K.L.:
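Here it is: the structure, laid out below.
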Amino acid sequence: MANINVRIDDNVKENAEAIFKSLGITPTVAISLFYNQVIRTNSIPFELKANIPNEVTLSAINEVEEMEKNPDKYKGYEDISSLMEDLLK
């Protein structure tokens, strides 16, 4: 048997262990399951992706950048009441 020592954020550990408990398994069993899935699939057993914005988010980012570059083209509001008044017209 081998030992593995891992440093992990306290909150991550507590939250994960609460889920393990609800599933009726120990952290050791959970880690063993993970390792066995790595061996079985010859990969990480979940999808790994870079945090790349989707088209809708990218469009919103571009819109805000445009508004920042050309603030004179866009109406601003001093308070929520003024905004709501315009929205309800």
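Note that the coordinates shown come from a computational prediction; the quantities given were computed from them, not determined experimentally.
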K.L.:
Do Ile4 and Val38 belong to the same hydrophobic cluster, where Ile, Leu, Val, Met, Phe, Trp and Tyr are linked whenever their side-chain heavy atoms lie under 4.5 Å apart, directly or via other members?
P.N.:
yes
K.L.:
Are a donor atom and an acceptor atom from the side chains of Asp79 and Ser82 found within less than 3.5 Å of each other?
P.N.:
yes
K.L.:
CG of Asp72: more than 12 outside heavy atoms within 6.0 angstrom?
P.N.:
yes
K.L.:
Rounded to the nearest 0.5 Å, what's the gap from CG on Asn62 to CD on Glu55? Could you check?
P.N.:
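Separation between the atoms: 11.5 Å.
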K.L.:
Can you check whether Ile31 reaches Val6 side chain to side chain, under 4.5 Å on heavy atoms?
P.N.:
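With C-beta onward as the side chain, the pair stays apart.
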K.L.:
Do Leu23 and Leu33 share a hydrophobic cluster (ILVMFWY, side-chain heavy atoms under 4.5 Å, transitive)?
P.N.:
yes
K.L.:
Does Phe34 belong to the same Ile/Leu/Val/Met/Phe/Trp/Tyr cluster as Ile39, with side-chain heavy atoms less than 4.5 Å apart forming each link?
P.N.:
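The answer is no; the residues belong to distinct hydrophobic clusters.
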K.L.:
Can you see which heavy atom on Phe20 is nearest to which on Pro27, and at what distance?
P.N.:
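Closest heavy-atom pair between Phe20 and Pro27: CD1-CA, 3.8 Å.
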K.L.:
Using the rule that two of Ile, Leu, Val, Met, Phe, Trp, Tyr join whenever any of their side-chain heavy atoms come within less than 4.5 Å, decide whether Leu48 and Tyr35 are in one cluster.
P.N.:
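Leu48 clusters together with Tyr35.
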K.L.:
Quick check: closest heavy atoms across Asn11 and Asp9, and the distance to 0.1 Å?
P.N.:
N-OD2, 2.9 Å
K.L.:
So do Leu87 and Met84 actually touch side chain to side chain, heavy atoms under 4.5 Å?
P.N.:
yes
K.L.:
Would you mind listing every side-chain hydrogen bond (donor to acceptor under 3.5 Å, both in side chains) that reaches into residues 16-28, with sequence neighbours excluded?
P.N.:
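side-chain hydrogen bond (donor to acceptor under 3.5 Å, both in side chains) check on residues 16-28 returns Lys13-Glu17.
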K.L.:
To the nearest 0.5 Å, how far apart are CD in Glu65 and CD in Glu68?
P.N.:
7.0 Å
K.L.:
Around atom CG of Asn54, are there more than 12 heavy atoms of other residues, nucleotides or ligands at under 6.0 Å?
P.N.:
yes
K.L.:
Is it true that Glu66 and Asn70 share a donor-acceptor pair across their side chains at a distance under 3.5 Å?
P.N.:
yes
K.L.:
Which pair of non-hydrogen atoms, one from Tyr77 and one from Asp86, has the smallest distance, and what is that distance?
P.N.:
OH-OD2, 2.6 Å
K.L.:
Do Ile25 and Ile19 land in one hydrophobic cluster if side-chain heavy atoms of ILVMFWY residues count as linked below 4.5 Å?
P.N.:
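Yes, because Ile25 and Ile19 connect within a single hydrophobic cluster, where side-chain heavy atoms sit under 4.5 Å apart.
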K.L.:
How long is the gap from CD on Glu85 to OG on Ser81, to the nearest 0.5 Å?
P.N.:
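Reported value, rounded in 0.5 Å steps: 8.5 Å.
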